[in-house]
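Ligands are counted one by one from 1 in listed order, and the atoms in each one are counted from 1 as well. Positions are given from 1 along the sequence.
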Amino acid sequence: MRRMIADRPVLRMSSELGRVMAAARAREQAGERVLHLERGEPDFDTPSHIVEALARAARAGETHYPDARGTVDLRLALRDKLARENRIACDPDDIVITNGGTHALFLTFQALLGAADEVLVLSPHWMAIPKLVGFAHGASMRAVPAYLDLQSGSLDGPGFAARLRAALQPQTRGIYLNSPNNPSGAVLTREQLSVMAEVAVERDLWVVSDEAYEHLLFDDARHVSIASLAGMAERTVSVFTLSKSYAMTGWRIGWVAAPAELMVGIAKVHQYGIMCAPTVAQFAALEALRIGEPFVVEMHAEYDRRRQLLTSRLNQMGLFCFEPRGAFYCFPNIARTGMDDEDFAQALLHEERVAVVPGTAFGPSGADHVRVCYATSYEELVEALDRIERFVERHPGPPAELRPA
Ligand code: PLP
């Protein structure tokens, strides 16, 4: 038969999360109750005043094409937000409103990466990144382990700089960074970001900074946008989304801020890809920015409560994990069970009906880990932890003295 699908490797890449979700769904269809710790999505509904803003806009006839880059009011509000919160100075025309952060990253890689260009990706990294890079024809990515080593203190500033420099190749054009990080919960400090900035300036690289979880910070963690550091404004693409901060995953509103020279390309891919983000959702986004803060604070307090429960119980079970300082994930090491991350995730779903994502889905440095998302109710989390504890007791792994160091 005639070939249907184009001969492009990216179209054949599988989705680890998709596989876990399909396996969980199959169990649910068979009547079993699965606890979902695999999905990376707030369990809260969007606050009602944001929903009302969309309805108001629709009733008022805001149903037409906006400026393809986004409504002027929303871009003005974002310019002010970026200046105030992120110390990024830009013009409304340096901002494009996108269909969420995923789309912002898609546009960015399309505009930045030519055939044979390479991007270094600090890892473990969000699962979508290999596909998003893969859609840029002929481009490639290389994972550079960073977050777990920085979190553990085994990689200091000079070591980090040396690791980045050693990874660079002639075809390397830039670095993708994500802090707070999905899946590890690591938050890079100003000093660690300064190290990256130093290497980027020295080697004339651009940086794509994915700040999807900028508001989900715990303890003394502070969010620093790398574009605000010396020499970085002209070489950084900053990507944001309302999905996580305001529980608006289904609304598909994100934005990208980039130097004007690059924005020409980003805006072009945007315009001919989707034309514009939905007008009414942009009105809702404006409302979220205007009066959404108390909701962000309320959700944050609840995430923090869950985070503390999760990390203390996993550590008690011997599934060691760092206390995440950002996002809503925890990334325990499961090596003590003697299973690899794939087997662990499969067996946990099979035996205890708890869905988690194997760490290698986030790049090779995720081996021996699984991602656990705590954007689920406290009660469900307690139940899931009880099930995981039972599972770990049944799978004690080799005696301590025989375990790999
Ligand atoms: N960046 C990271 C690191 C993410 O984890 C996600 C979603 O899971 C996104 C970006 C994109 O989210 P959205 O497309 O919903 O804005």
**OP:** Would you mind listing which atoms of ligand 1 come within a distance below 4.0 Å of any non-hydrogen atom of N178?
**Re:** 3 (C)
**OP:** For atom 14 (O) of ligand 1, find the nearest protein heavy atom and state the residue, atom name and distance (0.1 Å precision).
**Re:** T102 OG1, 2.5 Å
Subject >> Test item: N178 side-chain N/O and D210 main-chain N/O as donor-acceptor pair under 3.5 Å >> reply: yes
Original post:
Would a line drawn from the ring center of Y329 to the ring center of F362 be shorter than 6.0 Å?
Top reply: no
**OP:** Identify, by atom number and element, the atoms of ligand 1 in contact range of R252, meaning under 4.0 Å from any of its heavy atoms.
**Re:** 13 (P), 14 (O), 15 (O)
**OP:** Before accepting this row, confirm whether a basic side-chain N of the pair R371/E16 lies closer than 4.0 Å to the acidic partner's carboxylate O.
**Re:** no
Original post:
Looking at atom 9 (C) of ligand 1, what's its closest protein heavy atom, distance included?
Top reply: W126 CH2, 3.4 Å
**OP:** Flag N99 as yes when one of its N or O atoms lies below 3.5 Å from any N or O atom of ligand 1, and as no otherwise.
**Re:** no
**OP:** Among W126, F218, F328, find the one that has a ring-ring contact (aromatic ring centres under 6.0 Å, His included) with Y213.
**Re:** F328
**OP:** Could you tell me whether H215 and H223 have their ring centroids closer than 6.0 angstrom?
**Re:** no
Subject >> D386 bridged to R313 by N-O distance under 4.0 Å >> reply: yes
Original post:
Which residue supplies the protein heavy atom nearest to atom 8 (O) of ligand 1, what is that atom called, and how far is it?
Top reply: K244 NZ, 2.7 Å
Subject >> Within-cut-off N or O pair, G101 and ligand 1, under 3.5 Å >> reply: yes
Subject >> atom 2 (C) of ligand 1: nearest protein contact (heavy atom, Å) >> reply: D210 OD2, 3.4 Å
Original post:
Is the closest basic N to carboxylate O distance between D73 and R290 below 4.0 Å?
Top reply: no
**OP:** Check N182 against ligand 1 and report side chain, backbone, both or neither, counting heavy atoms closer than 4.0 Å.
**Re:** side chain
Subject >> For Y213, the ligand 1 atoms whose distance to one of its heavy atoms is below 4.0 Å >> reply: 2 (C), 3 (C), 4 (C), 5 (O), 8 (O)
**OP:** Return a yes/no value for S243: is any of its N or O atoms, backbone included, closer than 3.5 angstrom to an N or O of ligand 1?
**Re:** yes
Original post:
What about F44 and Y303, are their ring centers closer than 6.0 Å?
Top reply: yes
**OP:** For atom 16 (O) of ligand 1, state which one of L132, I253, V239, T241 supplies the nearest heavy atom.
**Re:** T241
